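Structure record follows, encoded as structure tokens.
Quick caveat: nothing in here was measured; it's all calculated off a predicted structure.
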Amino acid sequence: MKLKLWRNATLVIQIGDKNILIDPMLGAKGSLGKFPMTDNELLNPLVDLPFSEEELKDQLSGIDAVAVTHLHPDHWDPKAVELLDKNIPLICPEVISEQIAQSGFKNIISVKDHIIWENVSISITEGQHGTGEIGEKMGHVNGFVFKTEEKTLYIVGDSIWYERIAAEIDKYRPQHIVVAGGAATFAVGDPIIMTSQDIIKVCEYAPEATVLVTHLEAVSHCKEDRKFIQEEIIKNGLQERCFVVQDGEEYSLD
């Protein structure tokens with residue numbers, strides 16, 4: 001099993017001979033414009049993908065399925081809708097399957113709880129995209145657990161640390177956990193994804209797991225950068241099993 005970060009939450013998971021693209025945000029730098037309720041004028045995404053548009057098309061030719069956690073534009077953007085083969089297997093929570101179908105995708109694998117795809121067990125997990133009124137406005141979010149006979153990978157998705165994340169770790173006992181870091185925060189309210197302290201809590205709760213931190217330096221409402229998070233990881237003595245992933249970087253999960 002391998003993982004490669006493209007940018008933000010966009011990952012490719014290689015399981016056996018299958019490549020699964022997670023949460024594709026494929027547009028050029030600035031293509032999504034300014035995000036609402038932010039305290040800056042920055043245009044999103046803040047960075048380009050770590051390869052050219054021609055290389056992107058070549059990369060997409062090797063994708064066997066797409067998995068989408070939720071429909072916020074930094075996880076599912078117009079460029080992804082444009083470029084992805086409308087017949088590709090598209091795995092998503094049941095709650096968003098109809099909206100994806102409206103974009104012309106014909107091979108949607110809607111997941112209520114759990115499926116088996118190409119000998120891979122895929123389960124839906126719960127998340128909480130913030131607290132209070134902001135959390136309610138951000139809507140329902142999910143994550144995925146990918147499990148083979150040898151390995152279990154938990155992609156938390158856009159969520160803060162709360163009791164349900166602990167429950168998912170207890171249930172699936174993943175060897176590898178991918179979290180959305182960066183402490184993204186709007187002009188009002190608390191963070192809507194994990195802070196560095198949330199990441200530390202994940203590591204403490206799952207002491208045998210490797211934790212990979214993504215969702216960094218690509219969207220304008222994130223408050224913590226890679227350098228800051230790395231310093232917090234080192235300060236807590238977790239650098240041997242908690243890693244800040246760079247755009248374009250690949251990890252072996254064996």
Side-chain angles (χ1 to χ4, degrees), residues 5-13 20-27 31-33 35-38 44-45 63 65-84 88-105 108-115 117 122-146 153-162 164-165 167-168 177-186 189-194 198 212-216 218-222:
L5 175 64
W6 284 8
R7 173 183 60 186
N8 198 53
T10 305
L11 308 164
V12 174
I13 309 299
I20 305 172
L21 176 63
I22 313 291
D23 283 352
M25 176 176 65
L26 305 182
S31 59
L32 294 176
F35 282 174
M37 296 178 62
T38 55
N44 296 277
I63 298 298
V66 178
V68 180
T69 61
H70 67 295
L71 296 179
H72 289 165
D74 61 324
H75 295 252
W76 179 250
D77 71 347
K79 194 67 172 179
V81 174
E82 174 192 334
L83 290 179
L84 291 171
I88 197 167
L90 202 150
I91 302 160
C92 67
E94 186 178 65
V95 67
I96 63 173
S97 60
E98 186 174 330
Q99 287 172 273
I100 291 177
Q102 290 172 0
S103 295
F105 290 87
I108 295 173
I109 302 171
S110 175
V111 187
K112 185 175 183 179
D113 179 47
H114 169 262
I115 62 164
W117 178 80
I122 304 174
S123 300
I124 292 289
T125 60
E126 295 296 319
Q128 183 176 319
H129 207 351
T131 58
E133 184 179 350
I134 291 292
E136 290 179 13
K137 287 183 176 179
M138 296 305 290
H140 192 81
V141 294
N142 293 100
F144 289 107
V145 172
F146 297 90
L153 168 65
Y154 174 23
I155 298 178
V156 175
D158 275 13
S159 180
I160 58 173
W161 168 260
Y162 75 122
R164 186 67 197 181
I165 305 303
E168 304 288 13
I177 303 172
V178 177
V179 300
T185 310
F186 290 106
D190 295 324
I192 59 172
I193 54 177
M194 290 196 187
D198 284 342
L212 302 177
V213 187
T214 65
H215 210 294
L216 300 174
V219 288
S220 61
H221 52 322
C222 282

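One finds the OG atom of Ser123 at 9.0 Å from the CD1 atom of Ile115 (value rounded to the nearest 0.5 Å). Rounding to the nearest 0.5 Å places OG1 of Thr10 at 11.0 Å from CH2 of Trp76. The CD atom of Gln99 lies 6.5 Å from the CD atom of Gln102; values are rounded to the nearest 0.5 Å. Rounded to the nearest 0.5 angstrom, Met138 CE and Thr131 OG1 are separated by 11.5 Å. Taken to the nearest 0.5 Å, the OG1 atom of Thr185 stands 7.0 Å off from the CD1 atom of Ile192. How far CD1 of Ile109 is from CD1 of Ile91: 4.5 Å, rounded to the nearest 0.5 Å.
Of all heavy-atom pairs spanning Ala67 and Pro24, the tightest one is O-CD, 4.5 Å. Nearest approach of Ala218 to Arg7, heavy atoms of both residues: CB-CG, 4.0 Å. Pairing each heavy atom of His129 with each of Gly139, the nearest pair is CB-O, 4.3 Å. The two residues Ile96 and Val68 come nearest to each other via the heavy atoms CD1-O, 3.9 Å. Smallest separation of non-hydrogen atoms from Thr214 and Leu11: CG2-CD2, 4.0 Å. Here the shortest heavy-atom pairing between Ile193 and Ala184 reads CG1-N, 3.5 Å.
Looking at heavy atoms from C-beta onward, Leu32 lies in side-chain contact with Asp77 at the 4.5 angstrom threshold. In this structure, the side chains of Lys137 and Phe186 stay at 4.5 Å or more apart for every pair of heavy atoms. The shortest distance between side-chain heavy atoms of Phe146 and Ile22 falls below 4.5 Å. By the 4.5 Å heavy-atom criterion applied to side chains, Phe105 and Val66 are not counted as neighbours. You'll find the side chain of Pro45 reaches within 4.5 Å of the side chain of Met25, heavy atoms only. Side-chain contact between Trp6 and Leu21 is present, with heavy atoms from C-beta onward closer than 4.5 Å. Contact annotation: the side chain of Asp190 never approaches that of Ile160 to less than 4.5 Å [non-hydrogen atoms, C-beta and beyond]. In this structure, Glu126 and Asn142 have side chains that are in contact, with non-hydrogen atoms separated by less than 4.5 Å.
Ring geometry, Phe35 versus His221: the interplanar angle exceeds 60°, so the pair is classed perpendicular (tilted spans 30 to 60°). Ring orientation note: the planes of His72 and His70 are nearly perpendicular, at an angle over 60° on the 30°/60° scale.
The main-chain N or O of Val219 is never found under 3.5 Å from a side-chain atom of Asn8 such that the two would form a donor-acceptor pair. Under the 3.5 Å distance criterion, the side-chain polar atoms of Ser159 are matched with a main-chain donor or acceptor of Gln128. The backbone N or O of Gly143 lies less than 3.5 Å from a partner atom in the side chain of Thr125, making a donor-acceptor pair.
For the 3.5 Å distance criterion, the side chains of Asp158 and His75 qualify, holding a donor opposite an acceptor.
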Exercise. Give the C-alpha distance, both sets of side-chain angles, the deciding distance and a yes or no for side-chain contact (heavy atoms from CB on, under 4.5 Å) between Asp23 and Ile155.
Key: CA-CA 11 Å; Asp23 283 352; Ile155 298 178; over 6 Å; no
Self-check item: Verdict with supporting geometry, Phe144 and Trp117, ring-ring contact (aromatic ring centres under 6.0 Å, His included)
Solution: CA-CA 13 Å; Phe144 289 107; Trp117 178 80; over 10 Å; no
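For the side chain to side chain donor-acceptor pair (under 3.5 Å) with Ser220, the qualifying choice from Thr38, Asp74, Asn44 is Asn44, the only one to do so. Tested against Ile124 for a side chain to side chain contact (heavy atoms under 4.5 Å, CB included), the candidates Thr69, Val111, Val145 yield a single pass: Val111.
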